[in-house]
Amino acid sequence: MNQVTVAAAAGDAIVDAVAADSWRQAVNEVTGWWRRFRPDDVATIEAELVEIREEILAAPRSGPAGTTIMAELAVEWKRKLTRLIRDDPTAEAELRRLLDERLQPLAPAGRRQRIGQVTMTATSHDHSRVYQSAGDMTINER
């Protein structure tokens with residue numbers, strides 16, 4: 001998995017977690033992680049997280065406008081995180097850990113995602129069927 005993929009997933013998770021009721025915990029987790037790599041920027045990062053919380057609350061709750069704001073904020077955080085882990089490659093593993101252990105649990109259940117790699121192989125013979133999924137799957141057959 002490359003740095004951009006990790007940064008993108010973390011950017012989404014940060015925005016989702018800051019939008020949730022446990023947003024203050026998300027701010028604490030992100031600033032605590034940030035302090036390890038760029039301690040001089042922590043106050044700025046905390047202020048930015050509070051600002052995006054306000055933007056999210058001011059946005060429409062549903063529809064394209066609300067979705068667009070969330071996506072734009074996630075891209076902004078992806079860029080910040082990509083630059084940080086590009087400058088300090090050791091931050092990537094810590095960012096993955098932050099994402100998996102701290103941020104994902106704070107996001108609403110429907111918005112949680114996992115990063116990683118899935119490899120699937122299947123062989124079908126005759127009239128058999130193969131169903132594969134890297135997530136939830138529902139099959140309704142009669």
Side-chain angles (χ1 to χ4, degrees), residues 1-125 128-142:
M1 173 119 7
N2 65 38
Q3 294 176 343
V4 174
T5 304
V6 173
D12 286 339
I14 288 170
V15 172
D16 288 342
V18 170
D21 291 338
S22 56
W23 74 276
R24 182 41 75 183
Q25 184 179 352
V27 170
N28 292 339
E29 295 292 350
V30 173
T31 56
W33 177 83
W34 206 276
R35 183 174 285 111
R36 297 179 67 198
F37 301 98
R38 292 193 179 156
D40 295 341
D41 297 342
V42 170
T44 302
I45 293 301
E46 183 172 10
E48 289 179 11
L49 290 166
V50 170
E51 184 179 313
I52 69 167
R53 168 76 177 173
E54 292 168 3
E55 285 182 55
I56 291 166
L57 292 177
R61 288 279 184 221
S62 61
T67 303
T68 300
I69 288 170
M70 297 283 282
E72 289 172 358
L73 292 169
V75 168
E76 183 180 320
W77 279 91
K78 172 188 161 189
R79 288 184 187 124
K80 290 177 194 297
L81 296 166
T82 299
R83 284 191 297 269
L84 191 149
I85 61 179
R86 184 181 54 226
D87 293 345
D88 186 348
T90 63
E92 182 180 357
E94 293 298 320
L95 182 58
R96 273 183 205 239
R97 190 171 299 115
L98 174 72
L99 175 63
D100 289 340
E101 297 174 9
R102 304 291 187 193
L103 295 176
Q104 289 293 348
L106 297 177
R111 297 281 301 163
R112 293 179 191 160
Q113 55 184 301
R114 290 308 227 195
I115 59 172
Q117 183 174 346
V118 176
T119 303
M120 293 187 218
T121 305
T123 304
S124 175
H125 297 283
S128 63
R129 296 180 185 177
V130 174
Y131 301 94
Q132 295 181 309
S133 173
D136 294 337
M137 178 187 283
T138 302
I139 301 170
N140 296 315
E141 292 184 356
R142 294 177 193 216

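In this structure the side chain of L99 reaches within 4.5 angstrom of the side chain of Q104, judged on heavy atoms. Two residues are said to be in side-chain contact when any heavy atoms from C-beta on lie closer than 4.5 Å; V50 and V18 fail this criterion. Residues I45 and V42 form no side-chain contact, since every pair of their non-hydrogen atoms from C-beta on lies 4.5 Å or further apart. At a threshold of 4.5 Å between non-hydrogen side-chain atoms, the residues L84 and W34 count as touching. Taking 4.5 Å as the limit, some side-chain heavy atom of R24 sits within range of a side-chain heavy atom of N28. Side-chain contact between L49 and I14: present, with at least one pair of heavy atoms (C-beta onward) separated by less than 4.5 Å.
Residue pairs satisfying the salt bridge (charged side-chain N to carboxylate O under 4.0 Å, His left out) criterion with at least one member in residues 68-85, sequence neighbours excluded, are listed as follows: E48-K80. The salt bridge (charged side-chain N to carboxylate O under 4.0 Å, His left out) contacts involving residues 49-59 comprise nothing, where partners must be two or more places apart or lie in separate chains.
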Problem set entry | Verdict with reasoning, E94 to I85, per side-chain contact (heavy atoms from CB on, under 4.5 Å) | CA-CA 10 Å; E94 293 298 320; I85 61 179; over 6 Å; no

For this session: For salt bridge (Lys or Arg N to Asp or Glu O under 4.0 Å), just list the numbers for R38 and D87, CA-CA rounded to whole Å, side-chain angles, deciding distance to a tenth of an Å, and then say yes or no.
Result: CA-CA 11 Å; R38 292 193 179 156; D87 293 345; 2.7 Å; yes

For this session: Before giving the answer on side-chain contact (heavy atoms from CB on, under 4.5 Å), spell out for W23 and L106 the whole-Å C-alpha distance, their side-chain angles and the decisive distance to 0.1 Å.
Result: CA-CA 8 Å; W23 74 276; L106 297 177; over 6 Å; no

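At least one donor-acceptor pair closer than 3.5 Å links the side chain of N2 to the backbone N or O of T5.
Here the CG-CZ distance, from L95 to F37, works out to 8.5 Å after rounding to the nearest 0.5 Å.
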